[in-house]
Protein chains: 2
Amino acid sequence: MQISSRFTIALHIFAAMDVFGKDYKITSDFLAGSIQVNSVIIRNILSQLRNAGLIKVSRGTGGAELAKAPEEITFYDIYAAVESVEDGKLFRFHKNPNPDCPVGRNIHLLLDDMLDDIQDAMEKEMKRYTVADLNGGIEDLIGAETSENQIGVEAENQAGTETEA
Amino acid sequence: MQISSRFTIALHIFAAMDVFGKDYKITSDFLAGSIQVNSVIIRNILSQLRNAGLIKVSRGTGGAELAKAPEEITFYDIYAAVESVEDGKLFRFHKNPNPDCPVGRNIHLLLDDMLDDIQDAMEKEMKRYTVADLNGGIEDLIGAETSENQIGVEAENQAGTETEA
DNA sequence: AATCAATGTAATAACTTTCGTTATAACGAT
DNA sequence: ATCGTTATAACGAAAGTTATTACATTGATT
């Protein structure tokens, strides 16, 4: 099984808040336009991010904004906020190992630490990335995009990009 | 979403093969008795492990055995064999980010490397564990169990375990 | 060659989770 | 009071997991 798209949608939300936050009110409809999923899905995810203390959402008037500095919001915070996993465990366990079998009786004891190690490795890497990285990255990408189109000569000189005709 | 229990079932299978392989023929019914899931589930997982070259399964006569040395079978090999994830990607992506939006147009470029890093961290940790670790671990646990019951005095002397009454 | 225990695999269904959609109440500024 | 918006419930469609039944096939044994 894969981790649900709520996580990438949430990351998309943060990137959009950075790019458009100054010029637009970040409503669920606005976000739904960029992400192209139903605005109720967006609102549910916004609620989860709000409950986790990562953003503030204005009722009535509308709009979302960060509740913390971008450097203080890690990918793990976002993942934990939107991915509602039972017990926070990444690996699902078969439910009824046989207690009358030496292996069945000990399988949890055997695996739990190892599986936790693996999950920890993932979560530790998730904590290395923050919304600040997201913001820097999306700004660079959009910047590169506009310089490609508007001052293509520079781009050619630097990177030798082949332009058609 | 969690990773499916096929992974822990597969690990259970390897542990059972180690503990019982010398005294019993490891059939899907035998395994189903320890894991307590339907034997067809077991057979499907055995087939996936066989297709990945990790075990050999005897048709007709029945029974499963390792196809490689225990040290050469990593948790990642097992995970990859049984967890049929699209493109091998851990993170599901929302399908239709808006190409007319600068963020929607760049979100994949923005996230793909970061998400791959996170997935790599998990898979790298998975590669550190092998079936040999599994075997050593389950043998230790079962050994500790029997010494608790049969020569409880030793266990008390060593670990100061509290026994009731 | 017939038997038998076992695997391989298809088909179906129950169950769970995700995602989409509609509907409605509540909010807050104007 | 109105209007745009959020909050949330309810329902359903779609996809994935797990369980179960069924049956053809295999290969050793007799």
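Naming: A, B, ... by sequence-line order, numbering from 1 per chain.
Comparing C:dT9, D:dA7, C:dC19 by their nearest atom to the side chain of B:N44 picks out C:dT9. Among the nucleotides C:dT7, D:dT8, D:dT5, the one closest to the side chain of B:V57 is C:dT7. Relative to the side chain of B:R59, the nucleotides C:dG8, C:dA6, D:dT18 differ in distance, and C:dG8 lies closest. Of the candidates D:dT17, D:dA22, D:dA7, the closest approach to any side-chain atom of B:R43 belongs to D:dA22. Distance from the side chain of B:R92 is smallest to C:dT18 among D:dA7, C:dT18, C:dT7. The side chain of B:R50 has C:dG8 as its nearest neighbour among C:dG8, C:dT7, C:dG28. Distances were taken from every side-chain heavy atom of A:K25 (C-beta onward) to each of C:dT18, C:dG8, D:dT5; the shortest belongs to D:dT5.
Within the model, atoms CG of B:L49 and CG of B:D77 stand 10.5 Å from one another, a figure rounded to the nearest 0.5 Å.
What separates CZ of A:F30 from C1' of D:dT5 is a distance of 15 Å, to the nearest Å. In this entry the distance linking CG of A:N38 with C1' of D:dA7 reads 14 Å, nearest Å. Going from atom CD1 of A:I41 over to atom P of C:dT17 covers 16 Å, rounded to whole Å. Atoms CZ (A:F93) and P (C:dT16) sit 20 Å apart, rounded to a whole Å. The distance between atom CD of A:Q48 and atom P of D:dT6, rounded to the nearest whole Å, is 16 Å. For the pair A:L31 CG and D:dT6 C1', the interatomic distance rounds to 13 Å; values are reported in whole Å. One atom, NZ of A:K95, and another, C1' of D:dT18, lie 9 Å apart when rounded to the nearest Å. Protein atom CD1 of B:I45 is 11 Å distant from nucleotide atom P of D:dT17, rounded to whole Å.
The aromatic rings of B:F93 and B:H108 sit parallel to each other, their planes meeting at less than 30°, with 60° as the upper class boundary.
Between the side chain of B:R92 and the backbone N or O of A:S5 there is no donor-acceptor pair closer than 3.5 Å. In this structure, the side chain of A:K25 engages the main chain of A:T61 through a donor-acceptor pair within 3.5 Å.
Using a 4.5 Å heavy-atom threshold, the side chains of B:M126 and B:T74 count as separate.
Heavy-atom distances to DNA chain C give each of A:V37 and B:D29 a nearest nucleotide, and the one nearer the 5′ end belongs to B:D29. Nearest-nucleotide assignment on DNA chain C puts the 5′-proximal partner with B:G63, out of A:E83 and B:G63.
Contact annotation: B:T61 side-chain N/O to D:dG27 OP1/OP2 distance is not under 4.0 Å. Dashed line: the shortest gap from a side-chain N or O of A:S5 to OP1 or OP2 of C:dT18 is not under 4.0 Å. Listed pair B:S4 / D:dT18 meets the phosphate criterion, a side-chain N or O lying under 4.0 Å from OP1 or OP2.
Residue contacts shown for A:G62 are limited to sugar-phosphate atoms, with no base heavy atom under 4.0 Å away. Among the protein residues, B:V40 comes within range of the nucleic acid bases, having at least one heavy atom under 4.0 Å from a base atom.
The existence of a salt bridge linking A:D116 and A:K89 is confirmed by a sub-4.0 Å separation between a basic side-chain nitrogen and an acidic carboxylate oxygen.
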